[in-house]
Amino acid sequence: MSTNLLGSPFLLKNVPTTSPYNNNKLSIFTIKACLHSSRTKTPNPNKSQIDDHVYNYTKYCTPNFPDHVSQTPISEKELKNTKNGGILDDFEKKGVLDLWLKMQDEARFDVEQEPILENYYKNSILVQDCMESALAYHLSLKLSNSSLPSDALFELFMGVFKEDQELIFDVTDDLRAVKERDPACVSYVHCFLNFKGFLACQAHRIAHRLWSKGRKIVALVIQNRVCEVFSVDIHPGAKIGSGILLDHATGVVIGETAVIGKNVSILHNVTLGGTGKVCGDRHPKIGDGVLIGAGTCVLGNVRIEDGAKIGAGSVVLMEVPARTTAVGNPARLIGGKENPIKLDKIPSLTMDHTSHMSDWSDYVI
C-alpha cells in the first residue's frame, strides 16, 4: 500500500462483492492513520537512533526506506478497541486488495513485454479471484506429483485460507519484505511466482496451520514436498512471524521448536537446529528485526535478541544480545562481551552484511 494515502482519512469504494477483502457491513469506510517518519526528527547524539520498542511496530508498518522504521501505528488504545474486527481489519484488507490489484497490473505489463508468458500469467494471476486463490493454485502446481494431485492440494490450501482469514496478511507482509529488501526482485508478481524462498515460507504457513489443528500427517507431507521442490526444510511445528525474507533460501533448515519473530531476514544455508538428541524445546528463538548471514548455524535453545546481526558462516551456541553483531566460529560479539558495539539501524531491513568487518579484523587480501 502506498504511504501517500496515509496520514489523512481515505475512502475505499466499490470493493468487488466477490472479493474476500470486501466487508459486508462496511462497503465504504474511513480510516485515519497517525504516521510519522523517523527521518523528520532531529537525532539525539546521546541516544541510539532506534527506540527500544520500535521492533513492536513493524507488524503494522511497512517502511519506505530499508534502514528505518518510518511509520508509527495506530495508538495502542485504538488497537485494543479495533484489532478484533474493527478499523485495523479493514485497513489490512485494503492493503491486501491494493497489492493484489498491483500484481495483476504487473502481470498484464509482463505479458505485453513477453507474449510467450500469456497462458502462464493468465492461469496463475489474471483469472484468479483473489490473492488466496492465486497462491493456492500456484503452490498446488509446484508441490503436486503423480500421487498427490494438484486439485486435492488446491482444495486443501483454500480450506486453510478460509479457516484462517488473517493468514493472507502474513503473505502480503512477506511479499513487501522481499520487494523492499532484495534488489533482485523486480516486481511483486515476480516474487509471487518465482522466488522459492517466498513460496517455501507460504507453504510452511499453511502446513503450520494444519499442524496446529492436529492434521500432522498432511502437514509433514507438505514439509517433505517443499524440501524436495524448493530445497528448504522447515518443520511445520516451527513458528514464524510476518515480514520474512528467505533470500535465495537454498539449504535453509528450521527445526520443530524454533520461533522466528517479525521482519527477519535469513540467507541461504542457514540452520536453526538442535544440539543432538535432546527432546522438548530444543531450537533457537529469533527476535524481531534480526539478520542471519549465509551459512550460519544457530544451535540449541538459544535466543538471538531483537535487532541482532549474525555474520555469514558463524556458529552460534549462546545468546546474542539485542542490536549487537556476532561473527565467527564459535561466534563472538563485535566489541567484546562486556561492551559490544550497538547497531543503530535494523539489520534485517538494511541487509548490511559487512559493515562490522573493520571492527572485527584487519585482514586484507
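Residues take their numbers from the sequence shown, with the count starting at 1. A quick note: this is a predicted structure, and the numbers were derived from the prediction, not measured.
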*Asks:* Using atom types as modelled, flag every donor-acceptor pair under 3.5 Å from a side chain in residues 108-116 to any protein atom, sequence neighbours excluded.
*Replies:*
from	atom 1	to	atom 2	distance (Å)
Arg108	NH1	Asp105	OD1	3.0
Asp110	OD2	Tyr121	OH	2.9

*Asks:* Taking atom CD of Glu166 and atom OG of Ser242, what is their separation to the nearest 0.5 Å?
*Replies:* 11.0 Å
*Asks:* Are the side chains of Lys216 and Pro236 in contact, using a 4.5 Å heavy-atom criterion?
*Replies:* no
*Asks:* Going hydrophobic residue to hydrophobic residue with side-chain gaps under 4.5 angstrom, can you get from Val127 over to Phe154?
*Replies:* no
*Asks:* Could you tell me whether a side-chain N or O of Asp233 sits under 3.5 Å from a main-chain N or O of His235, the two making a donor and an acceptor?
*Replies:* no
*Asks:* Which atoms form the tightest heavy-atom contact between Gly243 and Asp174, and what is the distance?
*Replies:* N-OD1, 3.0 Å
*Asks:* For the pair His283 (side chain) and Leu272 (backbone), establish whether a donor and an acceptor sit closer than 3.5 Å, ignoring hydrogens and angles.
*Replies:* no
*Asks:* Return the SG to CG distance between Cys185 and Asn194, rounded to the nearest 0.5 Å.
*Replies:* 9.5 Å
*Asks:* State, to 0.1 Å, how close Arg181 and Val264 come at their nearest heavy-atom pair, and which atoms those are.
*Replies:* NH1-O, 3.4 Å
*Asks:* Do any N or O atoms from the side chain of Ser348 and from the backbone of Asn263 form a donor-acceptor pair under 3.5 angstrom?
*Replies:* yes
*Asks:* Can you spot which of Val160, Ile244, Ile168, Asp164 makes a side chain to side chain contact (heavy atoms under 4.5 Å, CB included) with Arg205?
*Replies:* Ile244
*Asks:* Where do Leu175 and Met103 land on the side-chain contact (heavy atoms from CB on, under 4.5 Å) test, with the steps shown first?
*Replies:* CA-CA 11 Å; Leu175 264 176; Met103 286 172 54; 3.8 Å; yes
*Asks:* Would you check if the side chain of Arg225 reaches a backbone N or O of Ser144 as a donor-acceptor pair within less than 3.5 Å?
*Replies:* yes
*Asks:* Is there side-chain contact between Pro284 and Ile304, with heavy atoms separated by less than 4.5 Å?
*Replies:* no
*Asks:* State, yes or no, whether a side-chain contact exists between Leu148 and Leu143 at a heavy-atom distance under 4.5 Å.
*Replies:* no
*Asks:* Going by atom types alone, do Lys196 and Thr250 pair a side-chain donor with an acceptor below 3.5 Å?
*Replies:* yes
*Asks:* Compare all side-chain heavy atoms of Val327 with those of Ser314 and state whether any distance is below 4.5 angstrom.
*Replies:* yes
*Asks:* Looking only at heavy atoms, what is the nearest atom pair of Val252 and Leu267, with distance?
*Replies:* CG2-O, 3.6 Å
*Asks:* Can you check whether Asn224 reaches Glu228 side chain to side chain, under 4.5 Å on heavy atoms?
*Replies:* yes
*Asks:* Return yes when atom NZ of Lys342 has more than 12 non-hydrogen atoms of other residues, nucleotides or ligands closer than 6.0 Å, and no otherwise.
*Replies:* yes
*Asks:* Taking Val253 as the starting point, is it possible to reach Val298 by hopping between hydrophobic residues whose side chains are less than 4.5 Å apart?
*Replies:* no
*Asks:* Is the count of non-hydrogen atoms from other residues, nucleotides or ligands lying under 6.0 Å from Glu118 atom CD greater than 12?
*Replies:* no
*Asks:* Between Val218 and Trp211, is there a shared hydrophobic cluster once you connect ILVMFWY residues whose side-chain heavy atoms come closer than 4.5 Å?
*Replies:* no
*Asks:* For Val178, does its backbone N or O pair with a side-chain atom of Asp182 as donor and acceptor, under 3.5 Å?
*Replies:* no
*Asks:* Are any non-hydrogen side-chain atoms of Ile125 and Tyr137 less than 4.5 angstrom apart?
*Replies:* no
*Asks:* Please verify the inter-ring angle class for Phe198 with Phe192; under 30° counts as parallel, over 60° as perpendicular, anything in between as tilted.
*Replies:* tilted
*Asks:* Is there a chain of hydrophobic side chains (I, L, V, M, F, W, Y, each step under 4.5 Å between heavy atoms) that links Val226 to Leu156?
*Replies:* yes
*Asks:* Can a cation-pi geometry be assigned to Lys179 and Tyr188, taking NZ or CZ under 6.0 Å from the six-membered ring centre and within 45° of the ring axis?
*Replies:* yes
*Asks:* List the steps, then state whether side-chain contact (heavy atoms from CB on, under 4.5 Å) holds for Arg176 with Thr172.
*Replies:* CA-CA 6 Å; Arg176 292 188 181 99; Thr172 55; 3.8 Å; yes
*Asks:* Which atom pair, heavy atoms only, marks the closest approach of Val96 to Met131?
*Replies:* O-CE, 4.0 Å
*Asks:* For residues Leu343 and Thr350, determine if any side-chain heavy atom of one lies less than 4.5 Å from a side-chain heavy atom of the other.
*Replies:* no
*Asks:* To the nearest 0.5 Å, how far apart are CG in Leu245 and CZ in Phe195?
*Replies:* 9.0 Å
*Asks:* Going by an N to O cut-off under 4.0 Å, is there a salt bridge joining Asp98 and Lys94?
*Replies:* yes
*Asks:* So if you build clusters from Ile, Leu, Val, Met, Phe, Trp, Tyr with side-chain heavy-atom gaps below 4.5 Å, do Val316 and Val259 land together?
*Replies:* no
*Asks:* Find the distance between CD1 (Ile260) and NZ (Lys285) and round it off to the nearest 0.5 Å.
*Replies:* 10.5 Å
*Asks:* Of all the heavy-atom pairs spanning Thr296 and Gly311, show the shortest one and how long it is.
*Replies:* OG1-O, 3.1 Å
*Asks:* For Glu256 and Ala238, indicate whether the former's side chain and the latter's backbone hold a donor-acceptor pair under 3.5 Å.
*Replies:* no
*Asks:* Using 0.5 Å steps for rounding, measure from the CD1 atom of Ile254 to the CD1 atom of Ile266.
*Replies:* 5.0 Å
*Asks:* Whether the side chain of Asp288 engages the backbone of Lys262 through a donor-acceptor N/O pair (distance < 3.5 Å, no angle test) should be reported.
*Replies:* yes
*Asks:* Any idea which heavy atoms bring Leu199 and Leu139 closest together, and the distance?
*Replies:* O-CD2, 3.7 Å
*Asks:* If I take atom CZ from residue Phe169 and atom CG from residue Asp173, how far apart are they, to the nearest 0.5 angstrom?
*Replies:* 9.5 Å
*Asks:* Any side-chain to backbone donor/acceptor pair from Lys102 onto Val189? Under 3.5 Å, distance only.
*Replies:* no
*Asks:* So does Glu132 pair up with Lys162, basic N to acidic O under 4.0 Å?
*Replies:* no
